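Source: prediction; values computed, not measured. No hydrogens, no waters, no symmetry mates; every other heavy atom, side chains included, goes into these values. Just so it is clear: chains get the letters A, B, ... in the order the sequence lines come, proteins before strands, and each one is counted from 1.
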Number of protein chains: 2
Amino acid sequence: MSRARIKDIAAELGLSPATVSRALSDSGLVAEPTRSRVREAAQRLNYRPNVSARNLRTQRSMAVLMVVRDIGNPFYLDIVKGVEAAAREAGYSVLMGNTENNAEREVEYFDMLRDGHADGMILITGKLPDAESLPEALHDLPVVVALEPIEESGLPHVMIDNIGAAREAVEHLIKLGHKRIAHIAGPIPEAMATLRREGYRRAMQGAGLELRADYEVIGDYQLPSGERHCRQLFSLSEPPTAIFVANDEMAFGAINELRRMSVSVPEEVSIVGFDDIFLSQAFYPPLTTVSQPRTAIGREAMRLLLEVMHGESHTGEIIMMPTTFQTRASTAPLRGASASARTGETVFGKRHA
Amino acid sequence: MSRARIKDIAAELGLSPATVSRALSDSGLVAEPTRSRVREAAQRLNYRPNVSARNLRTQRSMAVLMVVRDIGNPFYLDIVKGVEAAAREAGYSVLMGNTENNAEREVEYFDMLRDGHADGMILITGKLPDAESLPEALHDLPVVVALEPIEESGLPHVMIDNIGAAREAVEHLIKLGHKRIAHIAGPIPEAMATLRREGYRRAMQGAGLELRADYEVIGDYQLPSGERHCRQLFSLSEPPTAIFVANDEMAFGAINELRRMSVSVPEEVSIVGFDDIFLSQAFYPPLTTVSQPRTAIGREAMRLLLEVMHGESHTGEIIMMPTTFQTRASTAPLRGASASARTGETVFGKRHA
DNA sequence: GTGAAAGCGCTAACAG
DNA sequence: CTGTTAGCGCTTTCAC
């Protein structure tokens, strides 16, 4: 009962397997009476198509591979969610890949693509394996990059304007009257970290503020690194009055460290993060940060991938998704300064091809 | 170049496809010289097996399906990580499923199993679809339940002792001298929520403390529900001095609400959570909670599933993984009481078959 | 130790 | 509109 094949339905109804196949796939070339007889019999015999057979025949797997750098990082969750939802709607399943920043693993996933495990791939790894281990024609592979740019890959991207959003975040601090603004960056020279630092620099320069080398430190996106670098910044003879931190997790670390040093946030020091992860709002104080439309990025990446899999070329295309600046309680006017900062949220960014 | 088949290697070497297949799969019945010639040619011609063809022939997919109730919940992340790691090591890929508590979706994933999308399934949904939509012989399907029990399913489980761990958490509060201990439960009548409440009740009764109906409230595991129920408990004429909250997210909500009410944690009220999610440690105050070995649960579930897929029967088997009680800063001795609470971490739970 | 042949379940090209 | 035929790429009898 549980393993009826097309052949069984054909036998049951005295039809050929081909007709049954056509009826089941709505090919239109089947007479209505036959069609419903087939559908009824399929239902009754509990027919389910065998995916391996179909995949072999059609040379497709109806699956996409979603490869992230660290599957344990909650940051990627909503993207997965968006990808999964859009994939389902299009009839695709999602295979999970986790590289753990391991080059061999990255190559493996490209191999899986070629082996027919999946028809396309969404890369959220911020990098590619070495050129020599990659297939010759990268551009011809159905691969879309999301979130973390892979520069000079020529692959289509779905991401945010990291420079612009970072700049907006720092300008918020400037409007609050801050001048001594430090930056805890991500793991430069990674692209995303570099872009956010660039946004910081442009905002500072745009306001005619000095770029001090001792106000720029490089972290690794993890919480302890936020603590450590915060301590370092406050050991300077002239510590900052505000810090723009490249991601929320390090920002949490910085805030906790300030609490330990009995420096109050935001009264004495303002902190701005980036990402708006789960709990950034529930944290104390609620974190002012840049919110990325993660689920939408996931959906958009999948939508773009579908187009690429259907043969459209999107080489070099970059889709920018809008970010939202969330003004919360971790930032406040510089004491003694008359500031004019906005409150609430501000949409930033546009979309172009 | 990029799509060499077994046939191509055979032609290249003047062998039969059968021999090439055998050589590549180490079947042992191939002479050594032939074997290495084949391996060399495979390398040179960039041979990669076609998974659909192999799957069709072998009637397996070498993939497992991991179905969670809400893919956006960071709580499941480490489990995914464990499953993925163990699956990779065994040569399996992982397909993601997300039910969003939707019964139809749940059925779909069972169908995917039967359709050959995957060879086995790990369920982290806390429930099964209605009996009539399920295959007759549930026990014969390679399905393993993790984390959230599905009672009376007869399926093998990998989980923690929710009653025991909850009881230990509440006993910690009792040892600190607390007597007026309330409980914000999960969405009863769900199994996990019910078990944790049962642990609370047993601890209270075991210590001869009164079980007050107004000290038991039912939440939904989400943050706002923690805020709401905390407020409710503190509107009682005799508010609690400690709250055992069924999960960390609601505990964060409770702590935030207490802060708003200017009630200090842990000086005036102690809070214990459950789960030890990302940031429970970085939260302020760091949350005393029950830590689950999530990655290990994921690995163990996959390991068990492999055995089930290899034909072993594990009907009704329950594997209990040990929890660790994390004493952090959200709990303190009742003011005026002489307490004897432990500090640090305590391992709880055993493992049996 | 190797080859020939069959077939997994499905779909598509070609006839009629 | 329906049937016949072939074949996707692989593994596995069964012979030799």
Donor-acceptor pair under 3.5 Å: do we get one between A/Arg57's side chain and the base of D/dG9?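 Looking at the base of D/dG9, it does not pair with any donor or acceptor on the side chain of A/Arg57 (distance under 3.5 Å).
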Assess whether one donor atom and one acceptor atom, taken from the side chain of A/Arg22 and the base of D/dG3, lie less than 3.5 Å apart.
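Indeed, a donor on one side and an acceptor on the other fall under 3.5 Å apart.
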Please report the distance, rounded to the nearest Å, between [atom1] in [X] and [atom2] in [N].
X: B/Asp8; N: D/dC8; atom1: CG; atom2: C1'; answer: 14 Å
X: B/Arg54; N: D/dT12; atom1: CZ; atom2: P; answer: 10 Å
X: B/Leu13; N: C/dG3; atom1: CG; atom2: C1'; answer: 15 Å
X: A/Lys7; N: D/dT4; atom1: NZ; atom2: P; answer: 14 Å
X: A/Ile6; N: C/dT11; atom1: CD1; atom2: P; answer: 5 Å
X: B/Asp115; N: C/dC10; atom1: CG; atom2: P; answer: 10 Å
X: A/Ile9; N: C/dG9; atom1: CD1; atom2: P; answer: 13 Å
X: B/His117; N: C/dC10; atom1: NE2; atom2: P; answer: 13 Å

Considering every strand and a 4.0 Å limit on heavy-atom distances, what is the contact class for [X]: base, sugar-phosphate, or nothing?
X: A/Ala18; value: base
X: B/Ser52; value: nothing
X: A/Gly116; value: nothing

- Task: For B/Asp115 and A/Val51, indicate whether the former's side chain and the latter's backbone hold a donor-acceptor pair under 3.5 Å.
- Result: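 Checked: no pair found.
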- Message: Tell me if a side-chain donor or acceptor on B/Arg48 pairs with a main-chain N or O of B/Ala4 at a distance below 3.5 Å.
- Response: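 Flag not set: sc B/Arg48 to bb B/Ala4 has no pair under 3.5 Å.
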ask   = In terms of side-chain heavy atoms, does A/Asn55 have a donor or acceptor partner in A/Ser61 at a distance below 3.5 Å?
value =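 Note: A/Asn55 and A/Ser61 side chains miss the donor-acceptor criterion.
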### Message
I'd like to know if the side chain of B/Tyr92 pairs up with that of B/Glu84 as donor and acceptor (distance under 3.5 Å, no hydrogens or angles considered).
### Response
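No donor-acceptor contact under 3.5 Å links the two side chains.
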OP1, OP2 of [N] versus side-chain N and O of [X]: anything below 4.0 Å?
X: B/Gln59; N: D/dT11; value: no
X: B/Thr58; N: D/dT11; value: no
X: A/Thr34; N: D/dT2; value: yes
X: B/Tyr47; N: D/dC10; value: yes
X: A/Ser16; N: D/dT2; value: no
X: A/Ser21; N: C/dC10; value: no

| query | Quick one: on DNA chain C, does B/Glu32 or A/Ala53 contact a more 5' nucleotide (nearest heavy atom)? | reply |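 The 5'-side residue here is B/Glu32.
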Under 4.0 Å between a side-chain nitrogen and a carboxylate oxygen: does that hold for A/Arg37 and A/Glu40?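 Looking at A/Arg37 and A/Glu40, the cut-off is not met.
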